[in-house]
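Quick note: numbers below take in every heavy atom, side chains included, and nothing from hydrogens, waters or symmetry partners.
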Amino acid sequence: MTAPESPNHYPLSGGAQPVAVAPPLTGDPYLWFVTGDAKIGRFRTGNPYDSRVFTPNYSARKAETLATLSSTVWTYAHTSADGRVVSCTASGDFGLHGTGPAVACQTLAVGRNSEDRERLVATHAGRKSLVFIDTRKGAVEYSTTYKHALYGLAISSDTPTEYWVSCPEAKELLTFDATGGGFSPHPIGLEFEPRDVAVSEAMMRTVWVGTSAKKIAKYNVDDPGTVYIDTPAVPGRLLVLPDGTLWFTMPDADQIGYINPGEAEVAGSVATGKGTRPSGLALDRNGQLWAGLEGTGQMFRVSEYQLKAVSGQGQEATVGQDFPHPLTVRAERLDRTPEPGAAITFTVVGDNARFFPGDRQTDQRTTGEDGTAQSSLLRAKEPGTFAVTAEWTDKQGYTRFENLVVRATVDKADSTRYHSGAGQHADPGEDFDRRLRVVVVDKNGAPVPKVRVTFRVMGSNPASFDGNPSANATSGDDGIATAPVLTAGQQSASFKVEAWAKDAQAGTVFREYID
């Protein structure tokens, strides 16, 4: 397995894109995942990290979820013609079992039947019945039919014959009694369309419901009542930890969020990276929380601590010069409490720059009371684009500064580029509000200082610089040359002003208007 791009991101074998993840099998060191094309794989947590995707004994099937039960991993794989219950052992042996509808399986959970035997329970897209899967035989059976299509499903290990189910069409949360075999005649009405569901038995019995809006519903079972919690984005999959903390994915925002036990607001969120689309959450056997990243084919380890890049991205400098700003990071807990005294190591990736003084590839800093730390200034060494990493080793925090650019030593002036001042209007005899400005650059696009630039009004004296048709200016350290004030003539007109630098190959043309 290749090295992770950060201490929290771990690429999966073959770029496998997990659409769902599940906890380990009994005595198993792996988390399990399934891809959109119904391939099952495993990811070893701890150290070393490795992953493997098993080749199924079928093709052209799709899958959306999976579950682990004892020594077997289960999913539901479908085509446009049918659906099949699929099992996979820890060694990658696949089995095809009972046949079901040719639709997506939205949720797969472990519950018990009226005889107290474990079974898998599923909901299928657009279907009004629960699906029961006998894991001994792989056979498929169905519950009684509800009035509307079902979506989310959650079953607590403490009450394994009580199934909590969501019904988006009717905006309802209801239960199915596996002992009696029927749906509750008194569903709980919700304000928003419910989707995924999770159940917590910690502190108090709570049912969490993700919705199609940017809200999570929190329903108290023992003292009935529902509150709605605003979320940064539409919630996806939900997972309740043993202590009662609720974690949830936000695929469209590339984030995961969490709500602390007993609270009714989001405590914080963790960015998983641009385009990652977190797809599911699971605990490994050591109690470490992981998220599958469908968008980038990775597993993401969720840390209690995080390191953020505050400022310093996207700077430029010329060979031999210092970059204008230090790199700034902030060390904090997930609830955004700052962490003072954190030891941070900044490391230049490549040979384009070094920290100054000392020509160092690394720079050691410690965060202050506000949790921030600033690096030494970087000195540009070799032309090119590079990155700098920042690591909080003790807490495995990591961030990265991108698009840092070293330009070649400034060459002679090659052209001028427009900066500002075009498209203005002025009354006859009045000054134009803004000065005309250009940037003098060399052939590599680097700004060139101390170059004379001539601005000339084109035409039969429609305007002037202090009574003259032309004026000179000198570029500053930033390569910018600024013309004197431009004054409109006495006649309404549309005219041009050209600007060129001495010995340059190309200039700039402004168009101005006298009303």
Does a side-chain N-to-carboxylate-O contact under 4.0 Å join Arg42 and Asp28? no
Should we count NZ of Lys62 as having more than 12 external heavy atoms under 6.0 Å? no
Do the side chain of Gln313 and the main chain of Glu402 share a donor and acceptor less than 3.5 angstrom apart? yes
Hey, is Arg365 close enough to Asp363 for a salt bridge, meaning N to O under 4.0 Å? yes
Carboxylate-amine/guanidinium proximity below 4.0 Å for Arg379 and Asp322: yes
Where the side chain of Thr454 meets the backbone of Trp500, is there a donor-acceptor pair that is under 3.5 Å apart? no
Check: Glu512 side chain, Gln424 main-chain N or O, donor-acceptor pair, under 3.5 Å: yes
When you measure from the side chain of Ser13 to the backbone N and O of Val53, does any donor-acceptor pair fall under 3.5 Å? no
Over 60° means perpendicular and under 30° means parallel, so tell me whether Trp164 and Tyr219 are parallel, tilted or perpendicular. tilted
Charged N to carboxylate O below 4.0 Å: is that the case for Glu339 and Arg333? yes
With ring centroids as reference points, do Phe192 and Tyr228 lie under 6.0 angstrom apart? yes
Between Arg44 and Tyr49, is NZ or CZ placed under 6.0 angstrom from the six-membered ring centre and within 45° of the ring axis? no
Charged N to carboxylate O below 4.0 Å: is that the case for Asp230 and Lys214? no
Output yes when Asp252 and Arg277 qualify as a salt bridge under the 4.0 Å nitrogen-oxygen rule, no when they do not. yes
